[in-house]
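Numbers here simply count residues along the sequence, with the first being 1.
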Amino acid sequence: MNKQNSKYRWVVFASVLFTYFLIVSQRTAPGLITDKLMSEFNVTAATIGFIASIQFFAYAGLQVPIGILSDRFGPNFFLIIGTFLTGTGTLMYSLAQNETLLLIARLIVGTGDSAIWVNLVLILSQWFKGNEFVKLLGMAGVCGSLGFLLATVPFSLWISLIGWRSSFLSMGILLFLCGILLYIVLIHLPKQMAKNNRLPVSSLKKIKAEPEKTMVILKRIFTNRQAWAAFFCHFGAVGTYVGFIGSWAVPYGTSVFDMSLSAASQFIMIGLFGAIIGAPVVTMVSSRIHSIKKPYLIIHCMIFLSWATFLIFNGKPPLFMLIVLFFIIGFGNGASALTFAVVRQSFDSKEVGVATGFANMGGFLSAVLLPSIFGTVLDTIQTADQSIGYFYGFIIPVTFSLLGLFGGLLIKEKQQEVTQSKELTY
């Protein structure tokens, strides 16, 4: 018996995905209390934007190093450490007494979060066969969207009930418990099973080969057209959505449309429903027509036109149209799973961790830049009609989504047979 035939793999799957679900919720949860933080700490919108972006800066900057280390030394350790770091940062955030501590806390959260996705992918690839792996990766994408969903109405109600500090404190404690769970599930129990001959030791370890020099791998990745195509695709589809919803979506609803915190959070859920639907639908279409580039180009066109619509209506489209726009933008975020279909199709197993990290870095570099630039625009353009400030702010996601469309054009389609032969390399 080996790992990929063991029923225990489903315990691994459930434990890893539950942890990912909670961690994703903490990427955008601070966006629910933007106004509270500005009032309590007496800081500007630009400061809050910078604090929100610092976690994505850490996330983006560490993607390639984490990919290299995980390829070399295995993913279990880094996933567990990432979970504990995220829990530590969340606890610090709940106890912070000034904006400096808020900044440090989000930096720690971003550092921990940077280790999660790449290692989740590698762990699932070890425990599941190729035909299972591709399907479960789609489920992981849906799980991430559900994590974002948790950070809307459910978490805002929790904040209203016990206060923002107690809410983040309880989440930090829960993440610490998840770190302990992962240690038991990924390291302790497999060792015990190996001793009892229920799981061979050989199945717990990767076959060691002479590692290729890091600089050789990096040079190959950074000069690869497909790598940059995946980078820009993720930059346009993910970063604009995550960066906006994680910092300015709720304030946009409350200040421009005079919504309550709960109502604005509920409104944003429309985009999250789009994200949940986007991954399975677009992946299915891509498989049916045997093409990644064609559906992804259409998706990027839709994302670009949706953000451009905010400019057409001077930053304040009708409410019914806003529902459609957020749904499409969210749908595009879910469809960004095709970014990793490009990676899976294009790279060998010995460099897939680095390539995955590089592509993922694109989305979160965008998420780094958008909140702080958007906040600076709002601070600069202050008028009685707040929709004017948001109008100029929306120029940013329009520009970023245009870069995503450029990435879609860069994709070089490969034969379907190649894709199938490399299923296990994602």
Side-chain angles (χ1 to χ4, degrees), residues 15 17-43 45 47-49 51-52 54-56 82-113 116 143-182 242 245-255 257-273 371:
S15 302
L17 254 68
F18 178 68
T19 302
Y20 178 59
F21 164 74
L22 293 179
I23 288 176
V24 168
S25 74
Q26 293 310 292
R27 291 178 184 171
T28 57
L32 297 173
I33 57 171
T34 297
D35 293 337
K36 293 180 184 293
L37 295 178
M38 290 174 64
S39 174
E40 182 172 335
F41 292 95
N42 193 27
V43 293
T47 300
I48 293 298
I51 291 173
I54 196 66
Q55 72 179 89
F56 298 121
T83 303
F84 278 123
L85 283 175
T86 306
T88 300
T90 304
L91 286 174
M92 285 186 60
Y93 196 77
S94 70
L95 301 173
Q97 296 301 315
N98 55 61
E99 60 269 28
T100 301
L101 290 178
L102 287 177
L103 181 68
I104 294 172
R106 296 318 293 178
L107 180 62
I108 294 174
V109 169
T111 301
D113 193 10
I116 303 304
C143 186
S145 296
L146 291 174
F148 284 121
L149 189 62
L150 175 64
T152 56
V153 173
F155 203 68
S156 67
L157 292 176
W158 187 237
I159 290 172
S160 299
L161 183 64
I162 66 173
W164 74 268
R165 289 186 181 275
S166 297
S167 298
F168 283 91
L169 178 67
S170 61
M171 188 60 71
I173 294 171
L174 186 55
L175 286 172
F176 261 91
L177 294 176
C178 284
I180 296 172
L181 173 66
L182 289 177
V242 173
I245 201 172
S247 54
W248 298 113
V250 171
Y252 173 65
T254 55
S255 60
F257 291 91
D258 295 322
M259 296 179 178
S260 65
L261 175 63
S262 179
S265 302
Q266 191 174 33
F267 203 66
I268 302 306
M269 287 177 65
I270 299 297
L272 295 174
F273 284 130

For [X], run the side chain to side chain contact (heavy atoms under 4.5 Å, CB included) check against [options] and tell me which one passes.
{"X": "Phe84", "options": "Leu175, Ile180, Leu182", "answer": "Ile180"}
{"X": "Thr90", "options": "Leu169, Val109, Leu22, Leu85", "answer": "Val109"}
{"X": "Arg106", "options": "Ile54, Thr111, Leu101", "answer": "Ile54"}

Q) Short question: side chain of Gln97, backbone of Leu95 - any donor-acceptor pair under 3.5 Å? A)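 Side chain of Gln97 to backbone of Leu95: a pair is present.
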**Q.** Polar side-chain atom of Ser94 near backbone of Leu91 as donor-acceptor pair, under 3.5 Å
**A.**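 Judged by distance alone, yes, a pair lies under 3.5 Å.
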Q. Do the non-hydrogen side-chain atoms of Trp164 and Glu40 ever get within less than 4.5 Å of each other?
A.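 Heavy-atom side-chain distance check passes, below 4.5 Å.
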Distance check, rounded to the nearest 0.5 Å: [X] atom [atom1] versus [Y] atom [atom2]?
{"X": "Leu181", "Y": "Phe18", "atom1": "CG", "atom2": "CZ", "result": "8.5 Å"}
{"X": "Thr88", "Y": "Ile108", "atom1": "OG1", "atom2": "CD1", "result": "7.0 Å"}
{"X": "Leu146", "Y": "Phe21", "atom1": "CG", "atom2": "CZ", "result": "6.5 Å"}
{"X": "Phe155", "Y": "Phe168", "atom1": "CZ", "atom2": "CZ", "result": "4.5 Å"}

[X] versus [Y], closest heavy-atom pair with distance:
{"X": "Cys178", "Y": "Thr19", "value": "CB-OG1, 3.7 Å"}
{"X": "Val43", "Y": "Leu37", "value": "CG2-O, 4.0 Å"}
{"X": "Ala105", "Y": "Gly89", "value": "CB-O, 3.4 Å"}
{"X": "Ile162", "Y": "Ser167", "value": "CG1-OG, 3.5 Å"}
{"X": "Ala151", "Y": "Ser25", "value": "CB-O, 3.3 Å"}

